[in-house]
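Beneath this line is the structure, given in structure tokens, with notes to follow.
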2 protein chains.
Amino acid sequence: MAISQEISYRLERLILDGGLAPEQKIPSERQLATRLGVSRAVIREALHELQGRGVIETRHGKGSFVASMVPGANELGEQSPLMHLFEGHPRTLFDLLEVREQLEGQAAYLAAQRATRLDRHRITKAFRALEDTDPLSNARLDHGFHLAIVEASHNPVLVHVLNSLKNMMLLTVQASVANLNPREEMRKKIVRQHRQLYEAVIAGKPASAQKAATAHVRFVSEAMRDMEKEGGTLIRLPVNQEAANEYSRAGT
Amino acid sequence: MAISQEISYRLERLILDGGLAPEQKIPSERQLATRLGVSRAVIREALHELQGRGVIETRHGKGSFVASMVPGANELGEQSPLMHLFEGHPRTLFDLLEVREQLEGQAAYLAAQRATRLDRHRITKAFRALEDTDPLSNARLDHGFHLAIVEASHNPVLVHVLNSLKNMMLLTVQASVANLNPREEMRKKIVRQHRQLYEAVIAGKPASAQKAATAHVRFVSEAMRDMEKEGGTLIRLPVNQEAANEYSRAGT
DNA sequence: CGGAGTCCACTGGTCTGACCAGTTTTTGAA
DNA sequence: TTCAAAAACTGGTCAGACCAGTGGACTCCG
């Protein structure tokens with residue numbers, strides 16, 4: 001195995017075992033190079049590997065530091081191997097929404113089909129609570145409403161997957177994105193979407209419920225996309241061969 | 001921001017967007033350095049970052065290659081949080097299939113929409129290989145075919161979730177369920193389903209592709225359900241990780 | 001004395017060109 | 001034609017130089 005990898009593993013184990021605490025400074029590259037008897041290039045490669053893995057952070061002129069672990073990781077469950085995809089890649093957020101659109105739709109479909117009396121009661125309660133307040137400013141109630149529907153699907157796998165996706169979103173999206181856009185028109189649209197979803201589920205109309213749910217997620221997704229555009233960061237959609245040509249001269 | 005990071009992000013985005021497909025070779029370090037007008041050291045640092053992130057794999061004397069987007073496949077054993085659902089409730093298998101049905105459909109839909117030339121080539125290759133042999137006895141090829149389609153969706157979230165679900169299934173279902181039932185009629189049906197899916201994706205017909213994929217999963221699901229009814233011990237919980245690994249070679 | 005610069009010794013970031021070590025292709029002799 | 005040596009790739013490591021932020025120490029002036 002390459003020396004740089006051995007070093008990166010060694011350092012990572014040192015950090016994970018607690019030999020180096022979060023926020024603690026790592027010896028300088030030149031020091032490490034001398035101490036370990038290798039060139040500075042190797043050290044830098046090892047550090048970049050840890051950097052890509054999110055174990056350390058490096059600041060020009062200051063040094064490298066052990067990254068502080070995400071505090072919410074323990075509460076919400078586990079560190080998803082997907083998480084690294086998000087760092088610096090807001091586009092992944094829309095991949096996430098793309099999947100959610102589908103699953104929320106399925107959940108609504110199944111909920112309309114399978115909801116028991118108790119489920120309907122819970123859903124109604126959540127919906128009423130939501131109706132009383134501004135859904136845009138109350139993400140928690142919004143979440144409660146959707147969760148009630150998902151759970152009414154009586155598919156634990158679906159519940160879990162959607163929950164994971166939602167957690168991932170919460171960690172990446174700026175706190176309550178909705179708050180940033182308290183436009184009246186949008187609020188009204190969302191209220192209407194919720195009502196359509198609610199009525200379809202309660203009435204036991206799977207197809208309508210599915211349609212309402214997917215439409216809702218898609219609406220949110222597109223709203224976010226617009227926001228992103230206005231914010232300056234450009235989101236690019238599916239790419240074809242053109243993008244590849246820039247690099248793909250080498251192999252077949 | 002450091003040049004090496006810009007390059008690593010650029011490359012990662014290129015990969016996620018589908019400009020570079022899994023298993024594809026990345027231009028050599030020297031080529032990248034020349035083409036991007038930076039030193040080889042910078043390229044190496046960028047590649048090490050992607051390596052730490054699991055996006056690429058590098059082999060001495062051969063080159064760097066885009067890693068398959070499925071993280072858990074060859075990584076060190078990570079205990080999925082979903083696993084606990086199965087303990088004592090093997091019935092969850094059908095919940096799993098219910099979700100997969102939806103997501104495989106979406107993946108096929110997106111693949112038909114977004115597949116690049118390279119993707120089509122990979123899918124065709126996987127399909128041809130599959131066609132040459134008995135799909136029922138060759139779970140590995142079957143898996144390769146489906147994976148090629150999912151990856152052509154260019155949605156890493158979708159890839160990851162589906163992979164998780166698939167792993168989950170492998171851990172609970174007896175190895176190659178299909179093998180236990182080598183009925184000729186079933187084999188023919190599956191071949192036909194694969195062909196429909198393949199043709200729809202290649203032809204760029206999202207709706208048809210989605211329909212074919214969901215129909216396929218549903219068919220498999222119902223076949224399993226029938227088997228279970230007939231009294232076979234379809235589901236068994238593996239005792240330990242070693243036992244589980246034995247199953248991890250089988251496919252849909 | 002106290003603040004505002006300047007300077008210098010750190011830190012990481014990049015470049016160059018060389019050489020070592022695996023892998024693949026080409027070549028040329030048996 | 002066959003097959004082994006050689007050349008031409010690939011990544012891995014090394015050396016030393018210089019650039020670019022950071023921060024502390026040490027002036028120098030008010």
A/Leu11 side chain near A/Val55 side chain, heavy-atom distance below 4.5 Å: no
Nearest-angstrom distance from the residue atom CD1 of A/Ile7 to P of D/dG12: 14 Å
Whole-Å gap separating P (D/dT13) and CD (A/Glu6): 9 Å
Expected output: side-chain B/Arg100 to main-chain B/Val217 donor-acceptor under 3.5 Å: no
Sequence-aligned protein contact record of nucleotides 19-27 of chain C, with B where the base is within under 4.0 Å of a protein heavy atom and S where only the sugar-phosphate is: B-BBSS---
Phosphate OP1/OP2 of D/dG12 contacted by A/Ser4 side-chain N/O (<4.0 Å): no
Atom-to-atom span, CG of B/Leu32 to P of C/dC15 - whole angstrom: 14 Å
From CG (B/Leu50) to CD1 (B/Ile26), nearest 0.5 Å: 7.0 Å
Whole angstrom value for the distance that separates P of C/dG13 from CZ of A/Arg59: 12 Å
Short side-chain N/O contact to D/dT13 OP1/OP2 from A/Ser39, under 4.0 Å: no
Within-4.5 Å side-chain heavy-atom neighbours: B/Leu158 and A/Asp95: no
Between B/His194 and B/Phe145, ring centroids under 6.0 Å: yes
salt_bridge(A/Glu6, A/Arg10) N-O dist < 4.0 Å: no
Backbone of A/Arg44 reached by a side-chain donor or acceptor of A/His48 within 3.5 Å: yes
Angle of first-five versus last-five pair axes in the helix from C/dC1-D/dG30 to C/dA30-D/dT1, to 10 degrees: 10°
Approximate separation, where rounding is to 0.5 Å, of B/Leu97 CG and B/Glu104 CD: 10.0 Å
Interface residues of residues 42-51 of chain B with DNA chain D (non-hydrogen, below 4.0 angstrom): B/Arg44
Short side-chain N/O contact to C/dT11 OP1/OP2 from A/Ser28, under 4.0 Å: yes
Pair B/Glu49 + A/Arg53, salt bridge at N-O below 4.0 Å: no
CD-CD distance between B/Glu45 and A/Gln51, expressed to the nearest 0.5 angstrom: 9.0 Å
d(CD, A/Glu29; C1', D/dC14) in whole Å: 15 Å
Separation between CD1 of A/Ile3 and CE of A/Met1, rounded to the nearest 0.5 Å: 12.0 Å
Nearest listed nucleotide, side chain of A/Gln31, among C/dT11, D/dG12, D/dC14: C/dT11
